[in-house]
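The figures that follow rest on heavy atoms only: side chains count, while hydrogens, waters and symmetry mates do not.
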Amino acid sequence: CSSLTCITIPSSVISIGAYAFSRCESLRQISIPPSVTSIGDYTFEKCTSLVNVSFNANVSQIGTHVFSECSSLSLFSIPPSVREIGLYAFNGCTFLKQIEIPSSVFSVKSFAFSGCSSLEHVILPSSIYTLGENVFDGCTSLKEIPAVSQNSPSPLPIANESLNDEIENNDCVCIIF
């Protein structure tokens with residue numbers, strides 16, 4: 001897929017398999033319709049030219065490494081159907097500047113946004129139940145991380161490394177409670 005620059009998934013598609021567009025380095029734009037309910041792991045991994053994603057899919061999770069190392073991706077809107085963001089889902093998206101996680105999400109897995117060195121602003125909803133380890137590791141431009149509400153149905157299991165590493169390494173200026 002070295003010359004593929006644009007993909008519009010037809011509405012007849014309900015699933016995109018693992019590695020389907022992995023390493024399509026010339027891919028700049030993708031449009032995913034609401035008919036898609038499943039996206040496999042590593043689907044767009046290392047699509048280094050990917051800038052624009054129209055992500056209207058009705059998926060419940062953004063899986064492992066789905067957008068990992070999409071280094072040109074600067075804007076991404078997580079659809080409200082998503083309940084879980086997988087391991088390394090956006091790892092190495094070095095141009096990603098801001099992310100708003102919708103209230104439908106209850107789990108963000110380890111290293112989900114690690115290496116997003118341009119990430120400046122994150123909005124975490126009170127619905128977050130689990131925040132994995134090193135979620136924001138290497139996010140050197142991140143100035144604040146709004147704390148997750150403690151109104152969760154049970155104690156919120158946040159791995160120490162998720163937020164503490166950023167503070168200890170002076171990668172984070174403040175945490176808003």
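Counting heavy atoms from C-beta on, the side chains of Asn56 and Ile32 never come closer than 4.5 Å. Tyr88 is not listed as a side-chain neighbour of Phe67, based on a closest heavy-atom distance of 4.5 Å or more. Put simply, the side chain of His65 does not reach to within 4.5 Å of the side chain of Asp41, judged on heavy atoms. Residues Tyr19 and Thr43 form no side-chain contact, since every pair of their non-hydrogen atoms from C-beta on lies 4.5 Å or further apart.
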Pair Ser22-Glu45, side chain to side chain donor-acceptor pair (under 3.5 Å): steps then yes or no: CA-CA 5 Å; Ser22 178; Glu45 173 239 7; 2.6 Å; yes
Steps toward side chain to side chain contact (heavy atoms under 4.5 Å, CB included) verdict (Asn52, Ile30): CA-CA 7 Å; Asn52 186 13; Ile30 178 103; over 6 Å; no
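Checking side-chain atoms of Ser81 against main-chain N and O of Ser60 turns up no donor-acceptor pair under 3.5 Å. The backbone N or O of Thr8 lies less than 3.5 Å from no partner atom in the side chain of Ser31, so there is not a single donor-acceptor pair.
Going from atom CD1 of Ile7 over to atom CZ of Phe21 covers 4.0 Å, rounded to the nearest 0.5 Å. Annotation: the span from Leu50 atom CG to Gln29 atom CD amounts to 9.0 Å, rounded to 0.5 Å. Here Leu4 contributes atom CG and Cys24 contributes atom SG; the two are 5.5 Å apart, rounded to the nearest 0.5 Å.
Taking all atoms of both residues into account, the shortest heavy-atom contact from Ile16 to Ala20 is CG2-CB, 3.7 Å. Closest approach of Lys46 and Glu25 over heavy atoms only: O-CG, 3.8 Å. Of all non-hydrogen atoms in Leu27 and Cys6, the two that sit nearest each other are CD1-N, 3.8 Å.
Linking ILVMFWY side-chain heavy atoms closer than 4.5 Å, directly or via other members, places Leu87 and Phe90 in two distinct hydrophobic clusters. Val53 and Val59 fall within a single hydrophobic cluster, where Ile, Leu, Val, Met, Phe, Trp and Tyr are joined by side-chain heavy atoms under 4.5 Å apart, directly or via other members. Grouping the Ile, Leu, Val, Met, Phe, Trp and Tyr side chains by contacts below 4.5 angstrom, directly or via other members, places Tyr42 apart from Ile39. Ile14 and Ile62 sit in two unconnected hydrophobic clusters of ILVMFWY residues. Membership requires side-chain heavy atoms under 4.5 Å apart, directly or through other members.
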For residues 71-79, which side-chain donor-acceptor pairs fall under 3.5 Å, sequence neighbours excluded?
residue: Ser72; atom: OG; partner: Thr48; partner atom: O; Å: 2.6

Return all side-chain donor-acceptor pairs below 3.5 angstrom for residues 99-117, not counting sequence neighbours, or 'none' if the list is empty.
residue: Ser104; atom: OG; partner: Pro80; partner atom: O; Å: 2.8
residue: Ser104; atom: OG; partner: Val82; partner atom: O; Å: 2.6
residue: Ser110; atom: OG; partner: Glu133; partner atom: N; Å: 2.9
residue: Ser114; atom: OG; partner: Asn91; partner atom: OD1; Å: 2.7
residue: Ser114; atom: OG; partner: Phe111; partner atom: O; Å: 3.1

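For the residue pair Ser141/Glu120, the side-chain donor-acceptor check at 3.5 Å is not satisfied.
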